[in-house]
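All values below come from the heavy atoms of this structure, side chains included, with hydrogens, waters and symmetry mates left out. First listed ligand is number 1; within each ligand, the first listed atom is number 1.
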Amino acid sequence: MIGKYNALLADGKTPPSDDGEWVRRWNEAYFERTGRQRLAYTHSFGCQQNAADGEKLDGILASMGFGFTGRSEEADLILFNTCAVRESAEDRVFGNVGALKNQKRSNPNLMIVLCGCMTQRPEAAEKLRNSYPYVDIVFGTGAMDRLPAFLRERIESERRVFWSEQSLKPLEGLPARRAGGPKAWLPIMKGCDNFCSYCIVPYVRGREASRAPDEIEKEFREILSEGYREVTLLGQNVNSYGKGLSEPVRFPDLLKRLDRIDGDYWLRFMTSHPKDATKGLIDVIAKSGHLCRHIHLPVQSGSDRVLREMNRRYTTADYLSLIAYARERIPGISFSSDIIVGFPGETREDFEQTLDLIRRVGYSQLYTFLYSRRSGTRAADFPDPVPAAEKSKWFRELLAVQQEIGSRFNESLVGSVQKVLIDSVGKEGGETLAGRSEANLIVETKGSSNLIGRFAEVKITGFKNWAVTGELLK
Ligand code: SAH
Ligand code: SF4
Ligand code: F3S
């Protein structure tokens, strides 16, 4: 019985603490009593960093004997790993938590756990405390390792647990339960020190701290040995990696060190900040065997005045000259970016400079956001005279311009042969396949599903707004 239990429940992982052992025994006893494994339903909102944290949270839950379900109605524990970057992200979380009220009423043993960025905003934590009394446990991004202790406390004391302290160091040694598929996340640092004036992230994720290069290399090798074909190094400001380590390492040097490791894989990184993106970084990509010839390099605005107000610490001239250097050194390199529309005080003229810049760069993809006021940030106090309807008009205009640019980019690939990492069956099912190119574009083709998880060569024959299509060569 115990043998079967171990295979079924522990997922081969060891709980990270004595409290984790305690929770594991609690789950074991339940299984012996009922013949049923307690199930967790977990969901991460927000960015890749949060998705990577979510894999660690899942790993910790698995190590304590929880199974997983994709149906929240049948869960014994529901965990939301939250995001606070825009108001809409918070609204989504509160909507999801609100929807659990009846489930908790009919199953008082249901454990509801809220963690991640949003919980680090004092206003949001207060709202959870006062208006959502059925939420059991609340803690932030830098306390994931304490999840077992929080669960134990909740079970033993029956008191709700609210925790706001954050670890100053990146958390090491937590088991991860990686999502399936050929791609893996690898966080190399935590936090952000940039304080862009609109952004809540430095407040909710705390100060920057880098992981030791040896730890990163060890995890990188493990990921490759598990058969992953693409590894994305993560950090809010990934290219400022290495500052503050006992022996400082620069980001391009870390890339060089990882790139030297043999294997059939792609290496990506995000998000790089233009102020820390150097020619040295471009030179490493130019010489590398594994780094994709694509950089996500968020510019946010094409107006130098707005960039100054945003506290971005580069000019459009700096940005464009780096892009020009990269294009000269690395033929075929492509770029994507984030843009904020409607930053406080942005004028029509500023906005037109953004349109001009995106045309000049010719991004393969653009992630566009309407400015969202985040209390506590500097920009929250800036005068913001442009009406919401006007900002929405600009936003739609930006989308239309990018659609044209993106289509032209896709069209330019017709006739070329692209290396593609096949990651799923295509939208139309059957013998269709979908994958990503080096530029992270969706590529659709036809072929057998046993190619999923492998690299293939595809001759591009057509294009759509959001994807290119082609014939599988090999
Ligand atoms: N560290 C990354 C991105 C973090 S958040 C970087 O610096 O690029 C992801 C994107 O959300 C940002 O690039 C920005 O475009 C957008 N964003 C952040 N705060 C925002 C806000 N208050 N309103 C609208 N968009 C915002
Ligand atoms: Fe936010 Fe700026 Fe840090 Fe990115 S670099 S997370 S936009 S403060
Ligand atoms: Fe959101 Fe936190 Fe990421 S606020 S965008 S989940 S760092």
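Not counting sequence neighbours, the partners of Ser407 by the side-chain contact (heavy atoms from CB on, under 4.5 Å) test are Phe463, Asn465. Partners of Arg313 according to the salt bridge (charged side-chain N to carboxylate O under 4.0 Å, His left out) rule, which considers only residues two or more places apart in sequence or in another chain, do not exist here.
Near Thr271, the atoms of ligand 1 lying under 4.0 angstrom from a non-hydrogen atom of the residue are 2 (C), 6 (C), 8 (O). Which parts of ligand 1 touch Arg312 is read off a 4.0 Å heavy-atom cut-off, strictly below it: atoms 7 (O). The distance from ligand 1 to the heavy atoms of Ser372 drops below 4.0 Å at these ligand atoms: 21 (C), 22 (N), 23 (N), 24 (C). Of all the atoms in ligand 1, the ones that sit under 4.0 Å from a non-hydrogen atom of Tyr371 are 23 (N), 24 (C). The contact set between ligand 1 and Pro298, taken as ligand atoms under 4.0 Å from a residue heavy atom, comprises 8 (O). Listed by number with element, the atoms of ligand 1 under 4.0 angstrom from any heavy atom of Arg374 are 22 (N).
Residue-and-atom listing of protein N/O/S atoms under 2.8 Å from atom 2 (Fe) of ligand 2, sorted by chain and number: Cys196 SG. For atom 3 (Fe) of ligand 3, the nearby protein N/O/S atoms, meaning those under 2.8 Å, are Cys47 SG.
Proximity of the aromatic rings of Tyr203 and Phe195 is defined here by a centroid distance below 6.0 angstrom, and this criterion is met. Taking the ring centroids of Phe269 and Tyr241, they lie at or beyond the 6.0 Å cut-off. Two rings, from Tyr41 and His43, have their centers 6.0 Å or more apart. Ring centroid separation for the pair Tyr371 and Phe382 does not come in under the 6.0 Å cut-off.
The shell of residues lying under 4.0 angstrom from ligand 1, judged by heavy atoms, excludes His273. At least one heavy atom of Leu370 sits under 4.0 Å from some atom of ligand 1. A heavy-atom separation below 4.0 Å is found between Val85 and ligand 1.
Both the sub-6.0 Å distance and the 45° axial angle are not jointly satisfied by Arg146 relative to the ring of Phe139.
Minimum heavy-atom separation, Ala125 to Thr119: CB-O, 3.7 Å.
The protein atom (non-hydrogen) at minimum distance from atom 4 (S) of ligand 3 is Ala84 N, 3.3 Å. For atom 7 (S) of ligand 2, the closest non-hydrogen atom on the protein side is Tyr198 OH, 3.4 Å.
Checking side-chain atoms of Asn237 against main-chain N and O of Cys192 turns up no donor-acceptor pair under 3.5 Å.
Within the 4.5 Å cutoff, the side chain of Gln353 has no heavy atoms near those of the Thr316 side chain. Here the side chains of Ile137 and Trp163 are not in contact, with every heavy-atom distance at 4.5 Å or above. Residues Asp76 and Met111 form no side-chain contact, since every pair of their non-hydrogen atoms from C-beta on lies 4.5 Å or further apart.
Using cut-offs of 30° and 60° for the angle between ring planes, the Phe220 and Tyr265 rings count as perpendicular.
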